[in-house]
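Throughout, residue positions are numbered sequentially from 1 according to the sequence presented.
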Amino acid sequence: MRTAILGPTQRAESLASMAERELDVLVVGGGVVGAGTALDAATRGLSTGLVEARDWASGTSSRSSKLIHGGLRYLEMLDFALVREALKERGLLLERLAPHLVRPVPFLYPLQHKGWERLYAGSGVALYDAMSMARGHGRGLPLHRHLSRRHALRVAPCLKKEALVGALQYYDAQVDDARFVATLVRTAAAYGAKVANRARVTGFLREGERVVGARVRDVEGGGEYEVRAQQVVNATGVWTDDTQAMVGERGQFHVRASKGIHLVVPKDRIHSTTGLILRTEKSVLFVIPWGRHWIVGTTDTDWDLDKAHPAASSADIDYLLEHVNSVLAVPLTRDDVEGVYAGLRPLLAGESDATSKLSREHTVAHPVPGLVVVAGGKYTTYRVMAKDAVDEAVHGLDLRVADCVTEDTPLVGAEGYRALWNARARIAARTGLHTVRVEHLLHRYGSMAEEVLELIASDPSLGEPLQAADDYLRAEITYAASHEGARHLDDVLTRRTRISIETFDRGTRSAREAAELMAPVLGWDEDRIEREVEHYEKRVEAERESQRQPDDLTADAARLGAPDIVPL
């Protein structure tokens, strides 16, 4: 299929087009649910707009554990419906919708008690596999297996011998969450949706009690637009209550934020061929393979401070290190930590004060005519949330609308991906790149890797790796600005790539080279390059300072020491 380009010109045209004529559906919020909703609406033939105040996936959707999973621990809570739904979605993503972005990952669950625990945990994992296979979407993953202690230590030599009596190994899947959202947005645009990031909703348009659109401010250019739509969908995650307040109506439910932090450490610090899943007193702890790194997470604590930049405190980092070190033969130290990131889960407020017991279910409401609100849920089930939101919006449209088709709509880059993967050695020979580089591009872009290779063909210097982050080619930085909607240096180093968490310098050594690559695409002069680099460096220093603070309050204050946007 034809892929959409999300460059500066296309963004400006989208904003102007949204203001020209009434849309069927305007989606507010560019995380995974908002992007999924825009794709669902566009593929039903509805005229659709999508606006995001900051960058695509800049909130929760770029700061997850990067897992596509059924939620094994929800089986223990007897939430079979949620697990069944999530396992179906996992299978669809692996096999049909995004095989280039979602791939299997193994996990080892150490057993600490003889007899009963193997029976108890083994029954749960067996049920997990059975539910996956029963939906017809589990064939892409190996089944679980029982391991003796000796076998488990061969698979994961990093573990202390006394930390386990045996183990279970099972499979889930993982994804680069921010890249997935950017691909969702491009897919929606390819089906006709008008999309614009850095476009903030400042209020809703009303006619009587009915919402008929939104006032949108172009954060980059400063223009104001009135975007009219028959139905507006509020998909703003942890900002749901704030967005709802603009309507002046009391919401039918509330969303609370739960903070989860993750550490990124180099691959050689943990000697294992498999990920790990460990129990803690509050939740579970994952050690997740991530290229040449491991991701260790997560925490689960209430958060009522700044939503845009949740801060990881020293206490959060110590908590994760303490718990993972309880099973590691060679403990991790602060010096091993390359990157730290914090994200907020949007949980539907329940009766309990313990955030881990708040609902991971999602809900859809129509609080006033013309406005649909979708909230809660989990990353894996974004497509179901999007379908439910559009179904609700359709009730307010005075026309016949087709049913949801996203179950059979692959994301851009999926079509032809497996054929290109099989031909990766020939592609490497044709382009002069190493096969490992071609595999890296195919894993990130799927069949759209050909577009990146075209940039390299026209300028061979773009085929060189970044000097201080050699996992990434220079062409990927240019492509992020020209094709993927990146507007700032932070967008590229934090979300289009993961340099900000995958290097000990947090991306500061790559900042100038990346900014100079973006400059010709975005029309930056030398002064603008300097401001972009300075802003990024201040952001990194503010994050480092917050991670030295003892608690949330002081960490939040330190993080807010950096400006939110690049001064123009």
Query - More than 12 heavy atoms from other groups under 6.0 Å of CG on D408 - result: yes
Report summary line: OG1 (T363) and CG (D388) are apart, to the nearest 0.5 Å, by 9.0 Å
Query raised in the report: Do NZ/NE/NH1/NH2 and the carboxylate oxygens of R200 and E52 come within less than 4.0 Å?
Result: no
Query raised in the report: Quick one: does H483's side chain have a donor or acceptor within less than 3.5 Å of a partner on E451's backbone?
Result: no
Query raised in the report: Quick one: does NZ or CZ of R179 land under 6.0 Å from the six-membered ring centre of Y445, within 45 degrees of the ring axis?
Result: yes
Query raised in the report: Hey, are R444 and E476 close enough for a salt bridge, meaning a charged N less than 4.0 Å from a carboxylate O?
Result: yes
Query - Side-chain donor/acceptor of D24 to backbone N/O of S47, under 3.5 Å - result: yes
Query raised in the report: Are R512 and E530 ion-paired here, with the side-chain N under 4.0 Å from a carboxylate O?
Result: yes
Query raised in the report: When you measure from the centre of the six-membered ring of W421, is the NZ or CZ of R424 under 6.0 Å away and within 45° of the axis?
Result: yes
Query raised in the report: Just how far is it from atom CG of L466 to atom CG of L517, taken to the nearest 0.5 Å?
Result: 7.0 Å
Query raised in the report: If you draw a 6.0 Å radius around CD in E207, do more than 12 non-hydrogen atoms from other residues or ligands fall strictly inside?
Result: no
Report task. Could you go through the side-chain hydrogen bond (donor to acceptor under 3.5 Å, both in side chains) check for H488 and E220 one step at a time? Result -> CA-CA 10 Å; H488 294 281; E220 302 284 283; 2.9 Å; yes
Requested in this report: Please check if the side chain of S58 supplies one atom and the backbone of D55 the other of a donor-acceptor pair under 3.5 Å.
Outcome: yes
Query raised in the report: In terms of side-chain geometry, is the basic nitrogen of R292 or D471 positioned less than 4.0 Å from the acidic oxygen of its partner?
Result: yes
Report summary line: Between the OG atom in S510 and the CG atom in D470, the distance rounded to the nearest 0.5 Å is 9.5 Å
Report task. Check the pair E439 / H434 against side-chain hydrogen bond (donor to acceptor under 3.5 Å, both in side chains), numbers first and verdict last. Result -> CA-CA 9 Å; E439 290 175 350; H434 194 282; over 6 Å; no
Query raised in the report: How far does CG of D505 sit from CD of E537, to the nearest 0.5 angstrom?
Result: 10.5 Å
Query - Stacked cation flag K259 on Y341, 6.0 angstrom / 45 deg - result: no
**Report entry** Electrostatic pair E415:R96 at N-O distance under 4.0 angstrom
**Finding:** no
**Report entry** From CA spacing to verdict: side-chain hydrogen bond (donor to acceptor under 3.5 Å, both in side chains), H69, E89
**Finding:** CA-CA 9 Å; H69 63 123; E89 296 304 311; over 6 Å; no
Requested in this report: Show the numbers, then the answer: is there a salt bridge (charged side-chain N to carboxylate O under 4.0 Å, His left out) between K538 and E543?
Outcome: CA-CA 9 Å; K538 284 182 177 177; E543 286 185 349; over 6 Å; no
Query raised in the report: What residues, two or more places apart in sequence or in another chain, satisfy side-chain contact (heavy atoms from CB on, under 4.5 Å) together with A57?
Result: S61, S62, A178, V181
Report summary line: Rounded to the nearest 0.5 angstrom, the CZ-NZ distance for R383 and K387 is 8.0 Å
Requested in this report: Check the pair H443, R103 against side-chain hydrogen bond (donor to acceptor under 3.5 Å, both in side chains), reporting the backbone distance first and the verdict last.
Outcome: CA-CA 9 Å; H443 275 324; R103 57 192 57 91; 2.7 Å; yes
Query raised in the report: When you check the gap from the basic side-chain N to the acidic O, do R496 and D176 get nearer than 4.0 Å?
Result: no
Report task. Mind running salt bridge (charged side-chain N to carboxylate O under 4.0 Å, His left out) on R495 and D177 for me, showing each step along the way? Result -> CA-CA 9 Å; R495 286 171 291 277; D177 47 7; over 6 Å; no
**Report entry** Evaluation steps, salt bridge (charged side-chain N to carboxylate O under 4.0 Å, His left out), between R487 and D491
**Finding:** CA-CA 7 Å; R487 302 285 302 167; D491 300 343; over 6 Å; no
**Report entry** Salt bridge flag under 4.0 Å for residues D218 and R11
**Finding:** yes
Query raised in the report: Roughly how far apart are E13 CD and T9 OG1, rounded to 0.5 Å?
Result: 6.5 Å
